[in-house]
Visitor: 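Structure provided below as structure tokens; questions to follow.
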Amino acid sequence: MNTALREQLRALEARGLRRSLRIVRSAQGREIDLDGQRCLNFCSNDYLGLAGDPRLARAAAEAMGRRGFGAGASRLVCGNFDEHEALERDVAQLKRTAAALVFSSGYTANTGVIPALVGRDDAVYSDRLNHASIVDGIILSRAGLRRYPHNDATALEDMLRRDMSARRKLIVTDTVFSMDGDVAPLKDLGALAKKYGAWLMVDEAHAFGVFGPAGEGFVAHEGLQKAVDVQMGTFSKALGSCGAYVAGSRELKEVLINSARSVVFSTAVPPSVAAATRAALAIMRDEPWRRVKLLENASRLREGLNKAGFDTMQSCTPIIPVLVRDAARAVAFSKELLRQGIFVSAIRPPTVPSGTARLRVTVSAAHTDEDIARCLEAFRHAG
Ligand SMILES: *Cc1c(COP(=O)(O)O)cnc(C)c1O
């Protein structure tokens, strides 16, 4: 076996696509210790700067004192704690939906929800740049996969018009795209869903805590709650915790509890994790300055990069790609930035289409004005 695996690794290496793990020896934050080197962190998804916040750790510790650590079983058996229920109430209240259901991660939410809603006789319309967990959910569902060109509502309409035989139709999209930092044309998608009798599901992983009057996400930012049937989002990015939610109708929640295999056949998240997530939601509510600072930092960095001549694609969010195209050059660029104490990861195929390798810069509310200036300086030097 190992001979075959060595061959597999060599093939990756030859294409410049072999990856390896780095080790962090500090709390998550604007500055981290990476493999023994202190550097400014411009690649985490910790948008509000909460992952290393002691208040989350304290909330978890307190809950552990009361409920111990492990959940013991799936939620349907004996793993459903008061902490999970309280978190779901908090999310439904924030999102103004009838109900919400918690999952152990965004990945398991998407791979659980989609097969619970559609099957063999159905069709799923998925943006070409949707997250891998959505693609995997569609494959697991055995429904027909219709990939439409990125953010192209006209092409999507052509597909919907031609598909008369599908029993159920589900349109699914990221609201903020994780590698491009652009946003979906939600209003158009909502109109198409209505016109063709399709359901609309959104993944707010990079929008929850970032957009919306209270951080509810991009759907709320656009005022389109009524047009969206299934709102999925994660606690693992802006909220600095882990896990995910699906918010929607009571019927949706009941179907997921009964049919989402990642709920039925998987142990519940530790109650302490739910408690830490609730603490993060409270901070998000009480400290709106974090969202303001985050978006200010994003604009400042994006404008600085553009002024220095870098192509940041269609980014309008705290995810700022810097297009390099060639994979090897992107890796060399990232290495040079790290030498200057700035950690930005290089994103290569198959994560992005070939010929579009890039640096993916993400900013956080925790970055200071000086951090942003240092990042720009390093880009100007390395570029
Ligand atoms: C990160 C991400 C996920 C997965 O969420 P995890 O909680 O990390 O498993 C799902 N969808 C999108 C768009 C993401 O960016």
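Each ligand, and each atom within it, is numbered from 1 in the order the structure gives.
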Visitor: Kindly assign one of parallel, tilted or perpendicular to the pair Phe81 and His84, based on the angle between their ring planes and the thresholds 30° and 60°.
Guide: perpendicular
Visitor: Does any part of the side chain of Leu338, heavy atoms only, come nearer than 4.5 Å to the side chain of Gln37, both counted from C-beta?
Guide: yes
Visitor: What protein heavy atom sits nearest atom 5 (O) of ligand 1, and how far off is it?
Guide: Gly106 CA, 3.3 Å
Visitor: May I ask you to list the atoms of ligand 1 that are less than 4.0 angstrom from any heavy atom of His206?
Guide: 14 (C), 15 (O)
Visitor: Give the numbers and elements of all ligand 1 atoms closer than 4.0 Å to a heavy atom of Thr234.
Guide: 5 (O), 7 (O)
Visitor: Go through ligand 1 atom by atom and flag the ones less than 4.0 Å from a non-hydrogen atom of Asp203.
Guide: 10 (C), 11 (N), 12 (C), 13 (C)
Visitor: What atoms in ligand 1 come closer than 4.0 Å to a heavy atom of Tyr107?
Guide: 4 (C), 5 (O), 6 (P), 9 (O)
Visitor: Under 4.0 Å from a heavy atom of Ser236: give me the atoms of ligand 1 that qualify, with their elements.
Guide: 6 (P), 7 (O), 8 (O)
Visitor: State plainly whether the residues Asp371 and Arg374 are in salt-bridge range, i.e. N to O under 4.0 Å.
Guide: no
Visitor: Say whether, by atom type as modelled, one donor and one acceptor occur between the side chain of His381 and the main chain of Leu337 under 3.5 angstrom.
Guide: no
Visitor: For the pair Arg168 (side chain) and Leu117 (backbone), establish whether a donor and an acceptor sit closer than 3.5 Å, ignoring hydrogens and angles.
Guide: yes
Visitor: For ligand 1, which atoms, with element, lie under 4.0 Å from some heavy atom of Ala205?
Guide: 2 (C), 11 (N), 12 (C), 13 (C), 14 (C), 15 (O)
Visitor: Would you say the side-chain atoms of Asp46 pair up with the backbone N or O of Gln28, donor to acceptor, closer than 3.5 Å?
Guide: no
Visitor: Which atoms of ligand 1 are found less than 4.0 Å from any heavy atom of Asp174?
Guide: 13 (C)
Visitor: Among pairs that include at least one residue of residues 122-134, which meet salt bridge (Lys or Arg N to Asp or Glu O under 4.0 Å), considering only residues two or more places apart or in two chains?
Guide: Asp122-Arg167
Visitor: Of all the non-hydrogen atoms in the protein, which one sits nearest to atom 2 (C) of ligand 1, and at what distance?
Guide: Lys237 NZ, 2.4 Å
Visitor: Could you list which atoms of ligand 1 come closer than 4.0 Å to a heavy atom of Ser133?
Guide: 10 (C), 11 (N)
